[in-house]
Amino acid sequence: MIEDARVLRAEFVPHELEHRDGEVTHLSQVLEPVTRGEPAGPAIITGPSGVGKTCVARYTVEQLREQHLDVASQYVNCWQNYSRFRALYRVLEGLGKTVDIHRQSTPHDELLERLRQYDGPPCVVVLDEADQLESADVLYDLHALSSFSLVLIANREADLFAGADDRLRSRLRGSERIGFDRYGIDQLTSILQARARWGLTEDAVATDQLRDIADAAAGDARVAISILRNAARRAQRTTAATITDEIVTAAVPAGRSAVHRRTLDTLTPHQRAVYEIVADARRIDPSTLYRRYREAVDDPKTDRTVRNYLGKMVQYDLLVAEGTSRDRTYRVVEPAADEG
DNA sequence: GTTCCACTGGAAGACTAGGTTT
DNA sequence: AAACCTAGTCTTCCAGTGGAAC
């Protein structure tokens, strides 16, 4: 059934990108100065999840590097590297400049100094999930250095600028914008077809089933691929020769929630306890929430810390906060909910 | 309209973990 | 071994906000 599991992973970047020619061309044009050794203006890529933002960025940068030897690049996932230190560290890592600073007691300044001294070929830095950075300092740091060209990826541009001061905001205002829309059913179906062709045995899945998966994924390619992967695993387990309608139906919920569950796994035990309390109550006010939290765990953190947790989980789309003052309530985001 | 106060979130500093230097 | 770094986490303190009660 499954011939090449790599192809069924969401992070996989195919050799040919479908349905995103315009966006690839646009980004290539923005980054074109880099091929002449000149700095390129920042590009801001926005759009809902699972529409190929990361894929297009990585693909385009990869193409650029294939055509021009004198271009460096580094991809940084700001979700995992959300602090200034970690983000800058990852950039240096890509340049191979971290050999002797595998130590924690290296100050920010040292990292910045190394970036400043960088005299290699122009470097394209892709900051994925850039809205997850805890401070916009990183954007400021890198934008100030002409060797580095920024590609910023975020769901919404507003989130990206939320943490930025006016100075940075006005600097980024002139950035090139590339907006992504959700895939249509036909587009999603043909994306799945390509993955099935490379990743599954021949005739393992029919176009009708792929259409059903595409329909269930509501324009989100990550969810669609996750469902396909889940379906293929189920078929393999039951030694079915093909992916049937029944298998698809069974695979949809698991495929949908896979993305959500992965973020839940990143929570600490205390954060998890807070999340569970909110999940148990359909809707909960802050004081009740904190009282229950204190009862639920040993050695509870302060309410201020719990507020930080809540803010973080709202950022991560795990919780929704409604109301601004005394009317504030929290509730969980349902895994199957359509992301905005 | 005024007051109350639950709630938010910024700022500053203490504490911890984990590394380096002497 | 002890002294000394730093980033990251958590706490303490508090000003500001805006529904709710009066």
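Order of the sequence lines sets the chain letters (A, B, ...), proteins ahead of strands, with each chain counted from 1.
- In the set C:dT6, C:dT17, B:dC7, B:dC7 carries the atom at the smallest distance from any side-chain atom of A:S287.
- Distance from the side chain of A:S83 is smallest to C:dG8 among C:dT17, C:dG8, B:dC7.
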Give each protein N/O atom lying under 3.5 Å from an N/O atom of nucleotides 20-22 of chain C, with the pair distance.
none

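- OP1 and OP2 of C:dT6 both lie 4.0 Å or more from every side-chain N or O belonging to A:H108.
- Side-chain nitrogen and oxygen atoms of A:Y89 include none within less than 4.0 Å of the OP1 or OP2 phosphate oxygen of C:dT6.
- Under the salt bridge (charged side-chain N to carboxylate O under 4.0 Å, His left out) criterion, A:R6 pairs with A:D4, not counting sequence neighbours.
- By the 4.5 Å heavy-atom criterion applied to side chains, A:T60 and A:T25 are not counted as neighbours.
- For DNA chain B, no neighbouring residue in residues 262-271 of chain A is found when judged by any heavy atom under 4.0 Å.
- Annotation: ring-ring contact (aromatic ring centres under 6.0 Å, His included) contacts of A:F180 (sequence neighbours excluded): none.
- In this structure, A:R116 pairs ionically with A:E113, as a charged nitrogen and a carboxylate oxygen lie closer than 4.0 Å.
- Under the 4.5 Å side-chain criterion, counting only non-hydrogen atoms from C-beta, A:D220 is not in contact with A:V51.
- In this structure, the salt bridge (charged side-chain N to carboxylate O under 4.0 Å, His left out) partners of A:R283, at least two apart in sequence or on a different chain, are A:E322.
- Among pairs with a residue in residues 228-252 of chain A, none fulfils ring pair (Phe, Tyr, Trp, His ring centres under 6.0 Å), at least two apart in sequence or across chains.
- Within 4.0 Å (heavy atoms only), A:Y290 reaches no atom of the nucleic acid at all.
- Among residues two or more places apart in sequence or in another chain, the side chain to side chain contact (heavy atoms under 4.5 Å, CB included) test is passed with A:A214 by A:I185, A:L188, A:T189, A:L192.
- Remark: A:R328 engages A:P286, A:A321, A:Y330 in a side chain to side chain contact (heavy atoms under 4.5 Å, CB included) (not counting sequence neighbours).
- Remark: A:K301, A:T302, A:R304, A:T305 in residues 298-307 of chain A come within less than 4.0 Å of DNA chain C through at least one heavy atom.
- Checking C:dT6, C:dC10, B:dT8 against every side-chain atom of A:Y309, the shortest atom distance belongs to C:dC10.
- Remark: A:A40 pairs with A:L31, A:P33, A:V34, A:S149 by the side chain to side chain contact (heavy atoms under 4.5 Å, CB included) rule, at least two apart or across chains.
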Between the protein and nucleotides 14-16 of chain B, which nitrogen or oxygen pairs are less than 3.5 angstrom apart?
none

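- Legend: side chain to side chain donor-acceptor pair (under 3.5 Å) pairs involving residues 194-208 of chain A, not counting sequence neighbours, sorted by first then second residue: A:Q193-A:T207.
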